[in-house]
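By convention here, the first residue in the shown sequence is residue 1. Just the heavy atoms: all of them, side chains too, but no hydrogens, waters or symmetry mates, feed the values below. Since the model is a prediction, treat every value here as computed from it, not as a measurement.
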Amino acid sequence: MMEIANVSFPEVFILLGFSERPSLEPILFIFVLGIYVVSVLGNGIIIVVSCVDVHLHTPMYFFLVNLSFLDISFTTSIVPQLLINLWGPQKAISYGGCVIQFYISHWLGATECVLLAVMAYDRYAAICRPLHYTAIMHPKLCCSLAFASWLGGLTTSVVGSTLTMLLPLCGNNRIDHFFCEMPLIMQLACVDTSSNEVEMYVASFIFVVLPLGLILVSYSRIAWAVLKIRSAEGWRKALNTCSSHVAVVALFYGSILFMYLQPARRNSHEEGKLVALFYTVVTPMLNPLIYTLRNKTVKKALRHIVLENCGSGGTRGDI
């Protein structure tokens with residue numbers, strides 16, 4: 001019985017990753033490590049600045065804090081193991097580590113889809129209903145929407161990942177990717193996975209397609225409202241309000257759509273790995289840069305905090 005269990009559920013998985021191109025691995029190690037450090041620092045700064053500066057205690061920055069915390073958690077669930085695998089010949093990850101990785105990545109990926117839709121609704125309320133904005137996006141609703149995003153992502157992860165974890169693998173433990181992803185685990189199964197695939201497609205529709213639809217509806221209403229604005233100042237204000245979020249949505253959904261809709265070619269799987277590397281490592285790093293470089297309010301708040309700390313440090317030094 002113990003032998004059957006060991007065959008069905010291997011002790012370790014082998015993450016092949018980029019092992020077919022060993023000369024590329026040292027370069028990727030330096031690249032991924034640098035991007036990861038910048039990502040954690042950038043998202044951490046967004047969280048600290050948004051919490052410390054009272055001018056940023058608004059719904060938009062409340063959701064941005066959630067997004068930044070999510071990005072740090074998402075990259076941290078994948079990058080450390082990726083760095084270990086890139087550093088040396090050891091490509092193994094324990095069965096438990098693999099399970100934890102695809103539970104967390106599935107949870108946070110679904111949560112981000114819903115959270116981006118919530119942020120689009122917030123921008124719709126700010127531009128299309130400016131006089132009622134504070135009444136619509138009151139703190140209780142904001143907390144409820146954020147909680148629903150996290151809970152929804154957790155629910156679909158628990159259901160989908162648990163169903164996947166129960167599949168017998170019959171000794172198959174080689175994953176041709178750099179992290180444990182639910183569809184790839186399903187491909188290793190030695191039994192029919194039709195019910196798992198149906199659950200995955202339903203969950204993808206609810207947590208990927210529907211949020212994208214809500215985002216498109218929100219921005220179509222925003223575009224209609226902006227077209228009615230006559231002044232150049234009004235146009236500029238509306239664009240500044242939405243441009244950062246639009247850029248983040250385009251990066252996130254663009255990479256997902258490119259990866260899953262690309263035609264099946266001999267090298268399409270390798271391209272898929274690079275695209276996955278982009279949305280798991282690079283995109284979380286770009287999000288804080290987009291929100292800081294294109295947002296005068298965040299830059300002003302960050303400058304104020306830095307000058308205040310430098311000033312207080314100088315005062316203490318004088319004393």
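- Rounding to the nearest 0.5 angstrom, the gap separating the SG atom in C180 from the CZ atom in F102 is 7.5 Å.
- Checked against F69 for a side-chain contact (heavy atoms from CB on, under 4.5 Å), the options L108, I47, L64 give a single hit: I47.
- What you find for Y121 and I136 is that their closest heavy atoms are OH-CG2, 3.5 Å.
- Both L154 and L67 belong to a common hydrophobic cluster when Ile, Leu, Val, Met, Phe, Trp and Tyr are linked at side-chain heavy-atom distances under 4.5 angstrom.
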Please lay out, stage by stage, how I290 and L251 fare under the test side-chain contact (heavy atoms from CB on, under 4.5 Å). CA-CA 11 Å; I290 291 169; L251 281 172; 3.5 Å; yes

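- For H55, the NE2 atom is loosely surrounded, since the number of other residues' heavy atoms within 6.0 Å does not exceed 12.
- At a threshold of 4.5 Å between non-hydrogen side-chain atoms, the residues M200 and P183 count as touching.
- Heavy atoms only, all atoms of each residue included: N43 and P284 are closest at ND2-O, 2.9 Å.
- One hydrophobic cluster, built from ILVMFWY side chains closer than 4.5 Å, cannot hold both L188 and L163; they sit in different ones.
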Is there a side-chain hydrogen bond (donor to acceptor under 3.5 Å, both in side chains) between Y103 and S77 once you walk through the steps? CA-CA 10 Å; Y103 263 101; S77 71; over 6 Å; no

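- Between M165 and Y95, the shortest heavy-atom contact is CG-OH, 3.4 Å.
- Atom NE2 in H177 sits 10.0 Å away from atom CD in Q187 (nearest 0.5 Å).
- Between atom CZ of residue R123 and atom OG of residue S218 there is a gap of 11.0 Å, rounded to the nearest 0.5 Å.
- Put simply, OG1 on T162 and CG on L167 are 11.0 Å apart, with the number rounded to the nearest 0.5 Å.
- For H132 (side chain) and A135 (main-chain N/O), no donor-acceptor pair under 3.5 Å exists by modelled atom type.
- At least one side-chain heavy atom of I185 sits less than 4.5 Å from a side-chain heavy atom of C98.
- Remark: the backbone N or O of A276 is paired with a side-chain donor or acceptor of T280 at under 3.5 angstrom.
- At distances below 3.5 Å, not a single donor-acceptor pair connects side-chain atoms of S149 with backbone N or O atoms of T111.
- Contact check for L277 versus F178: side-chain heavy atoms found under the 4.5 Å cut-off.
- For the atom pair I215 CD1 and Y124 OH, the distance stands at 15.5 Å (nearest 0.5 Å).
- Between L212 and Y253, the shortest heavy-atom distance links the atoms N-OH, 3.6 Å.
- Between C128 and I222 the shortest side-chain heavy-atom distance falls below 4.5 Å.
- Looking only at side-chain heavy atoms (C-beta outward), T156 and E199 come within less than 4.5 Å of each other.
- Under the 4.5 Å side-chain heavy-atom criterion for Ile, Leu, Val, Met, Phe, Trp and Tyr, L166 and M186 are members of distinct hydrophobic clusters.
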Between F74 and I104, does the side-chain contact (heavy atoms from CB on, under 4.5 Å) criterion hold? Intermediate values first, please. CA-CA 7 Å; F74 184 67; I104 293 176; over 6 Å; no

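- Judged purely by atom type and a 3.5 angstrom limit, W150 has no side-chain atom pairing as donor or acceptor with the backbone of N66.
- Under the salt bridge (charged side-chain N to carboxylate O under 4.0 Å, His left out) criterion, E197 pairs with no residue at all, not counting sequence neighbours.
- Contact of the I27 side chain with the R21 side chain is not registered, since no non-hydrogen atoms from C-beta on lie closer than 4.5 Å.
- Using a distance-only test at 3.5 Å, with no hydrogens or angles considered, no donor-acceptor pair links the side chain of K273 to the main chain of F18.
- Closest non-hydrogen pair, F252 versus S255, comes out as O-OG, 2.9 Å.
- A continuous path of Ile, Leu, Val, Met, Phe, Trp and Tyr side chains, each step under 4.5 Å between heavy atoms, connects L41 with I35, placing both in one hydrophobic cluster.
- Less than 6.0 angstrom separates the ring centroid of Y219 from the ring centroid of H245.
- Ion pair E25/K91 flagged as a salt bridge, since at least one NZ, NE, NH1 or NH2 atom sits closer than 4.0 Å to an Asp/Glu carboxylate oxygen.
- Separating the CG atom in L116 from the CZ atom in F63 is a distance of 11.5 Å, to the nearest 0.5 Å.
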Steps toward side-chain contact (heavy atoms from CB on, under 4.5 Å) verdict (V32, L83): CA-CA 7 Å; V32 171; L83 291 173; 3.8 Å; yes

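- Side chain of S220 to main chain of V217: a donor-acceptor pair is present (N/O by atom type, distance under 3.5 Å, no hydrogens or angles).
- T75 places a side-chain N or O within 3.5 Å of a backbone atom of I72 that can act as its donor or acceptor partner.
- T76 and Y36 are linked by a side-chain donor-acceptor pair at a separation below 3.5 angstrom, with hydrogens and angles left out of the test.
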Taking it one step at a time, do E112 and D71 satisfy side-chain contact (heavy atoms from CB on, under 4.5 Å)? CA-CA 9 Å; E112 182 158 3; D71 283 339; 3.6 Å; yes

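- There is a path of hydrophobic side-chain contacts, each under 4.5 Å, that joins V37 to L28.
- The shortest side-chain heavy-atom distance between V79 and F179 does not fall under the 4.5 Å cut-off.
- With a 4.5 Å cut-off on side-chain heavy atoms, L145 and M137 count as touching.
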side-chain hydrogen bond (donor to acceptor under 3.5 Å, both in side chains) between Y61 and D53, worked out: CA-CA 11 Å; Y61 294 103; D53 196 292; over 6 Å; no

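- Side chain of N173 to main chain of V12: a donor-acceptor pair is present (N/O by atom type, distance under 3.5 Å, no hydrogens or angles).
- A tilted orientation is assigned to the rings of W87 and F29, their planes being inclined by 30° to 60°.
- Of the possible donor and acceptor atoms, none in the side chain of T193 sits under 3.5 Å from a partner among the backbone N and O of N196.
- Considering all non-hydrogen atoms of both residues, G153 and A110 come closest at CA-CB, 3.8 Å.
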